[in-house]
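Report on the structure given below.
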Amino acid sequence: MRAADHRKLTGRRLRRAVAQIIQFKDEAVVRLRERLGAVEEANEDLIAFARGHSDAVASINVAVLEAIEAPSVDSLFEVITRRWPDILGIDYVAIALVVGNRGFRADCDSMERVDPVFVKRMLGKVGRVEVRSVERGHPLFGAVAGDSVRAEALIRIDGPAPYPQGLLALGQRTELAPDSSQGSSLLLFLGRVIAATIRRCVATS
């Protein structure tokens with residue numbers, strides 16, 4: 001091969017290599033932006049429910065830490081229903097679980113037995129996470145609190161049999177802003193934390 005032809009071939013290979021690097025770089029930047037966007041979107045979910053908290057993410061971390069330190073399911077219910085409203089800056093929290101053939105519901109005022117069919121029926125109507133403004137809160141909040149709820153997040157608590165399944169409801173008295181994010185990563189994370197803590201409590205009881 002002549003020197004001139006060799007230089008042309010080398011030049012074409014170099015240009016192709018540079019083009020591939022630029023394409024890879026562009027694709028990497030796009031993926032990075034998508035991931036950053038997803039994180040920002042997820043953060044906005046709970047920040048919408050942590051009204052007035054400049055340190056909303058720190059508050060979420062505190063809520064999670066208190067949950068995973070609960071030594072029993074009863075203690076976990078108390079943390080969720082009595083501690084989380086203050087920590088997260090929300091107005092109402094309620095939770096329901098099906099444990100075997102028994103159903104339970106808890107809020108800041110009480111924990112009570114309920115028909116497991118009632119809980120299963122609620123789960124059948126809710127996706128993994130739903131965030132919305134409402135004229136009246138979900139039945140899980142109860143009649144009195146439900147009248148005051150204008151925005152809610154419903155989070156499924158899923159677990160493999162024989163572990164419990166249930167629903168977590170977060171509520172506030174004010175409506176969501178029209179441009180509020182509908183992402184769900186952090187809310188799903190809260191549901192997974194609760195499910196994992198329940199499994200640990202059940203396994204060690």
Side-chain angles (χ1 to χ4, degrees), residues 45-46 48-49 60 63-88 90-173 176 182-205:
D45 264 349
L46 248 57
F49 278 86
I60 293 165
V64 168
L65 286 174
E66 291 215 6
I68 63 178
E69 290 175 356
S72 65
V73 174
D74 287 350
S75 298
L76 177 62
F77 275 17
E78 184 171 352
V79 167
I80 291 171
T81 60
R82 297 187 180 182
R83 294 282 297 135
W84 276 18
D86 289 337
I87 293 172
L88 296 175
I90 57 180
D91 298 311
Y92 304 102
V93 177
I95 185 172
L97 284 181
V98 174
V99 184
N101 59 356
R102 297 175 298 171
F104 300 90
R105 177 198 169 274
D107 59 21
C108 63
D109 295 321
S110 65
M111 182 170 70
E112 58 187 340
R113 291 281 296 273
V114 295
D115 188 340
V117 175
F118 166 72
V119 181
K120 291 178 180 179
R121 188 180 300 121
M122 288 191 298
L123 290 174
K125 298 178 180 179
V126 177
R128 295 178 68 191
V129 171
E130 294 186 9
V131 183
R132 59 199 182 190
S133 291
V134 293
E135 294 183 0
R136 191 180 190 286
H138 191 274
L140 184 56
F141 289 113
V144 176
D147 284 340
S148 301
V149 172
R150 293 297 174 267
E152 63 187 18
L154 306 177
I155 308 149
R156 288 180 61 101
I157 303 167
D158 292 319
Y163 292 109
Q165 292 184 322
L167 184 67
L168 172 68
L170 310 178
Q172 65 182 41
R173 296 188 183 96
L176 293 175
Q182 297 301 311
S184 58
S185 295
L186 281 182
L187 296 172
L188 283 171
F189 174 63
L190 283 183
R192 288 196 295 268
V193 167
I194 295 172
T197 303
I198 290 172
R199 290 196 294 271
R200 188 255 301 162
C201 291
V202 171
T204 57
S205 62

Let me confirm one number: the [atom1]-[atom2] distance from [X] to [Y], rounded to the nearest 0.5 Å.
X	Y	atom1	atom2	result
Arg150	Asp91	CZ	CG	11.5 Å
Cys201	Ile68	SG	CD1	11.0 Å
Ile194	Arg199	CD1	CZ	11.5 Å
Ile90	Gln172	CD1	CD	8.5 Å
Ile198	Ile95	CD1	CD1	5.5 Å
Leu154	Leu170	CG	CG	8.5 Å

If you take all heavy atoms of [X] and [Y], which pair is closest and at what distance?
X	Y	result
Gly191	Ile155	CA-CG2, 3.9 Å
Val98	Pro116	CG2-O, 3.9 Å
Leu167	His138	CD2-CE1, 3.9 Å
Leu168	Ile80	CD1-CG2, 3.7 Å
Ala70	Thr197	O-CG2, 4.4 Å
Cys108	Arg82	O-NE, 3.3 Å

Does Leu123 reach the side chain of Arg156, with side-chain heavy atoms less than 4.5 Å apart?
->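 They are in contact (side-chain heavy atoms under 4.5 Å apart), so the answer is yes.
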
I'd like to know if the side chain of [X] and the backbone of [Y] have a donor-acceptor N/O pair within less than 3.5 Å.
X	Y	result
Glu130	Gly127	yes
Trp84	Val93	no
Ser75	Pro71	no

Is there a side-chain contact (heavy atoms from CB on, under 4.5 Å) between Leu97 and Ile157 once you walk through the steps?
-> CA-CA 8 Å; Leu97 284 181; Ile157 303 167; 4.3 Å; yes

Stepwise side-chain contact (heavy atoms from CB on, under 4.5 Å) check, Gln165 with Lys120 = CA-CA 9 Å; Gln165 292 184 322; Lys120 291 178 180 179; over 6 Å; no

Step by step, work out the side-chain contact (heavy atoms from CB on, under 4.5 Å) result for Val119 and Phe104.
-> CA-CA 8 Å; Val119 181; Phe104 300 90; over 6 Å; no

Any pair counted as side chain to side chain donor-acceptor pair (under 3.5 Å), so long as it reaches residues 107-118, sequence neighbours left out |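 Found Arg105-Asp107, Arg105-Glu112.
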
Could you pull out all donor-acceptor pairs under 3.5 Å where a side-chain atom in residues 140-148 meets a protein atom, sequence neighbours excluded?
from: Asp147; atom 1: OD1; to: Arg136; atom 2: NE; distance (Å): 2.8
from: Asp147; atom 1: OD1; to: Arg136; atom 2: NH2; distance (Å): 3.2

side-chain contact (heavy atoms from CB on, under 4.5 Å) between Val149 and Arg173, intermediate numbers included | CA-CA 5 Å; Val149 172; Arg173 296 188 183 96; over 6 Å; no

Before accepting this row, confirm whether a basic side-chain N of the pair Arg132/Glu152 lies closer than 4.0 Å to the acidic partner's carboxylate O.
->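 A salt bridge is present here (some side-chain N lies under 4.0 Å from a carboxylate O).
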
